[in-house]
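All remarks here apply to the structure that follows.
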Amino acid sequence: MMSDTPISDDALTGEGLGLPGIEWGEDGVPRSQRFDDVYFSLHDGWAESRHVFLDGCALPARWRGCERFVVAEAGFGTGRNFLLTWLSWRSDPQRSATLDFISVEGFPLTQQDLQRALVDLPDPAMAPLAAELVAAWPVRQPGFHLRLFDGGRVRLLLLFGTVAEVLPQLAVPPGGLVDSWYLDGFAPAKNPDMWSDDVFAQVARLSRPDARFATYAAAGFVRRGLEQVGFAVERRAGFAHKRECLAGRFVAKLTEQHTAPWFAPPAPLVAGARVAIVGAGVAGCALAAALSRRGLVPLLFDRHGQAGTEGSGNPCGLLKPRLTVDGGVHGRFYSQATLYAMALLPQTLWVGKGIFHLARDAEEAALVQRLARTLPPGHAVPMDAGQAQQLCGVEAPFGGLWFPHAGAIRPPEVCRWLLEQAEQPIPVRTATAEPPQPLPDGGWLMAGEQVEAVVLAAGPFSRLLWPDAELPIHANRGQISLWSEPDNGTGSSPSAALSFGGYLSPRFTDQQERAVRVLGATYRRWPDLADEGWRGLDDTDHQAVTDLLENHLPAQAAALASGDGRIGGRAALRATIADHMPLAGPLFSATDFRADFADLHHGRRWSAYPQARWTAGLYILGGLGSRGFQTAPLLAEHLAAVMVGAPSPLPQDLSEAVHPARFLVRSLRKPPARKRRSE
């Protein structure tokens, strides 16, 4: 069940993550002051990790011949187990096609401490891997953090939080999730919370049939706890001075239903399945690359025959966090998605870094102080009028909020770059947006191609391609103005992007080699998709954004007017959703869904309902509004994971918050009398 229960302000700032309290010994071994225990053995910690965890889980032999293999770890620590596993995987010519490594860490190291802990490497081949890990290390923010390595074939999903808090947030695909467990928390006597019955139950919930576990621990209650949840446990010889360690195999049957049937994932696609993606905007491009890295064959269709057109075709746009103060699903989703996008995109795609958000009155000035706390320290910095003038050269009587890691990007170039991250080149095929046709024996016919699956990523037109789902997608027309602004050397115009209800991009050089800025953007409903009048530029909209700039930033408006003036603009349609969350998941018939869950308002147990009848092989990625470049990369990884039965980078409640069936679920949960009153 989706929850909107706010999390604490401390959790939002990263203060909910305990400090590791590292103490470095003269021997270079880090010790946790919190748990009074070392991070790894004094007697060759690398050899101990290999003996206990890789050998204990029979790796690398068990991943051979697999399409994908999933390792989960309780206690990331200094990353030694991950690096050993990664190096062993990439050194094995018979390795699985992909490796997912999920690791929980309640007390993440700083990037500096992580680098210091990884200086004594057992193999020169590990040095570049350790450097990549350190460079990609996330900020200390509670929640899920995805990082891609080895061309996206190795995915590290870091769960920052206590093991008891974050393991229940992992969604389980059909057939289970985890193939091997590394139980590597601090010693049970020092850290009993990690070795609880609740944690053991989560380990069992997430395990695939015949999953293995390994741990250096040998305490009797650990052995008994794992046996009680379905593991056959064996004692192994310990490492160095330790007499014993434990390993085992999951022998219980997967019978318990762990996800509400109206949100349960569909059966995964087989390796090599052909998937038609309709729409080559940022959503389609990100998804095509994600699917190719997971062993599927994406076919990308767009009516323009190229990537980065329509809503993804503006010459410049802002990648800026969407902040909320309530700590609910909106704030957490957009925070996670934006942090991922900012970490993923290389510097070459940025026009400039830094966005200043103007506080337009005293009330907004007070609000930005609270909003700043919803991102990690240093990612959203409140500024007063003097600081805004000094840093950005703007008159801001009420101050504002500075986003040093956000900035302006070139959307079409981002789309092309995303496609370049695919395993194989993915051409964009020209095709009109016609509904996919189901085939009698399964699969679909799309633009003359027979495929096993179809993903609708066509913005507001997606709802026309599968009306059976009755998706509440709306089209909103947005228009930007393009202004010529040669550098006159006065320094009157800021190099950072500005946000003030509208936005002003930094100066950049466009495809015609002109020095320009983008001023945007209008937003109004466009009810009739058959009416293509939205493509024409509207002088009223040009004037609206100009007036907005003059009202809030008159000096910048004057600087624009001192150049050659407005030289054009661009209009596009955005796909928006009333609850301001996107769509990513399987599609369905709304009629069937209502029939299956008609009495959902009675609140019966999940087992009283059938599994949802998803339309086999049909999915959607859309409703991204004006924030597609913040959200598409993460959503693409999520939907690709759903389609193949791999670990999703979204926690369960955020997965439900973007699920296409959520609107029907909300409606069906209302008692009939209440429905009539609200209609």
Side-chain angles (χ1 to χ4, degrees), residues 27 29-32 35-63 69-89 101-106 117 120 122-123 163 167 178-204 206-208 210-252:
D27 52 9
V29 175
R31 172 180 290 273
S32 169
F35 295 106
D36 189 26
D37 200 0
V38 293
Y39 275 84
F40 46 81
S41 172
L42 301 175
H43 306 284
D44 193 350
W46 292 102
E48 180 185 43
S49 290
R50 180 173 293 281
H51 169 78
V52 172
F53 298 109
L54 274 75
D55 294 349
C57 287
L59 299 178
R62 290 189 59 245
W63 62 46
F69 196 83
V70 179
V71 177
E73 175 184 50
F76 187 81
T78 61
R80 290 186 167 218
N81 294 339
F82 169 64
L83 290 173
L84 278 170
T85 305
W86 181 10
L87 182 60
S88 179
W89 177 86
F101 196 100
I102 307 168
S103 190
V104 180
E105 181 54 60
D120 181 23
D123 187 330
V163 66
L167 284 187
V178 177
D179 297 291
S180 287
W181 284 94
Y182 300 167
L183 302 182
D184 190 25
F186 290 111
K190 311 271 187 179
N191 184 22
D193 290 345
M194 204 213 88
W195 306 91
S196 69
D197 289 343
D198 288 343
V199 171
F200 295 150
Q202 288 298 320
V203 170
L206 296 164
S207 292
R208 287 171 52 82
D210 202 41
R212 307 297 175 90
F213 85 88
T215 178
Y216 64 85
F221 81 91
V222 173
R223 174 180 55 79
R224 291 189 296 272
L226 288 166
E227 287 176 337
Q228 288 173 358
V229 296
F231 284 89
V233 181
E234 65 178 48
R235 293 184 175 91
R236 298 177 61 236
F239 182 80
H241 64 282
K242 296 181 180 178
R243 285 185 56 192
E244 293 181 336
C245 58
L246 299 178
R249 182 170 65 91
F250 189 58
V251 295

- For residues Trp181 and Thr215, determine if any side-chain heavy atom of one lies less than 4.5 Å from a side-chain heavy atom of the other. no

- How would you list, by chain and number, every residue that makes a side-chain hydrogen bond (donor to acceptor under 3.5 Å, both in side chains) with Asp179, sequence neighbours excluded? Arg208

- Mind checking what makes side-chain contact (heavy atoms from CB on, under 4.5 Å) contact with Val251, not counting sequence neighbours? Ala232, Arg249

- Task: Measure up the Phe76 and Phe82 rings against each other and bin them: parallel (under 30°), tilted (30 to 60°), perpendicular (over 60°).
- Result: tilted

- Task: Would you check if the distance from the ring center of Tyr216 to the ring center of Phe239 is below 6.0 Å?
- Result: no

- Task: Answer whether the closest heavy-atom distance between the side chains of Arg236 and Asp55 falls below 4.5 Å.
- Result: yes

- Straight-line distance of Phe231 CZ to Arg212 CZ, nearest 0.5 Å: 11.0 Å

- Query: With side chains defined as the heavy atoms from C-beta onward, is the minimum distance between Val178 and Phe250 less than 4.5 Å?
  - Reply: no

- What do the steps show when you test Leu54 against Ser88 for side-chain contact (heavy atoms from CB on, under 4.5 Å), and what is the final call? CA-CA 9 Å; Leu54 274 75; Ser88 179; 3.8 Å; yes

- What residues form a side-chain contact (heavy atoms from CB on, under 4.5 Å) with Gln228, not counting sequence neighbours? none

- Do Phe101 and Trp86 have side chains that get closer than 4.5 Å, going by heavy atoms? no

- Message: Please check this pair: side chain of His51 against backbone of Ala237, looking for a donor-acceptor N/O pair closer than 3.5 Å.
- Response: yes

- Item | Donor-acceptor under 3.5 Å (Arg80 side chain, Arg50 main chain) | no

- Query: Quick one: CG on Asp184 to CD on Glu73, what's the gap to the nearest 0.5 Å?
  - Reply: 5.5 Å

- Message: For the CG atom of Leu246 and the CZ atom of Arg235, what is their distance to the nearest 0.5 Å?
- Response: 7.0 Å

- Task: Considering non-hydrogen atoms only, spot the tightest contact between Leu183 and Trp195 and give its length.
- Result: O-CH2, 3.6 Å

- Partners of Thr85 by side-chain hydrogen bond (donor to acceptor under 3.5 Å, both in side chains), sequence neighbours excluded? Tyr182

- Message: Measuring from atom CG of Leu83 to atom CG of Asp123, what distance do you get when rounded to the nearest 0.5 angstrom?
- Response: 11.5 Å

- Note on the structure: Here the pair of heavy atoms bringing Trp46 nearest to Asp120 is NE1-O, 2.6 Å

- Does the side-chain contact (heavy atoms from CB on, under 4.5 Å) test come out yes or no for Ile102 and Val71, once each step is laid out? CA-CA 6 Å; Ile102 307 168; Val71 177; over 6 Å; no

- Query: Counting N and O atoms only, with roles assigned by atom type, does the side chain of Glu105 sit under 3.5 Å from a partner on the main chain of Gly77, one being a donor and the other an acceptor?
  - Reply: yes

- Note on the structure: Taken in chain and number order and not counting sequence neighbours, the residues that satisfy side-chain hydrogen bond (donor to acceptor under 3.5 Å, both in side chains) with Arg62 are Ser180

- What's the spacing between Ser49 OG and Leu84 CG if we round to 0.5 Å? 6.0 Å

May I have the list of side-chain donor-acceptor pairs in residues 196-204 shorter than 3.5 Å, sequence neighbours left out?
unit_1, atom_1, unit_2, atom_2, d
Ser196, OG, Val199, N, 3.2
Gln202, OE1, Arg205, NE, 2.7
Gln202, OE1, Arg205, NH2, 3.1

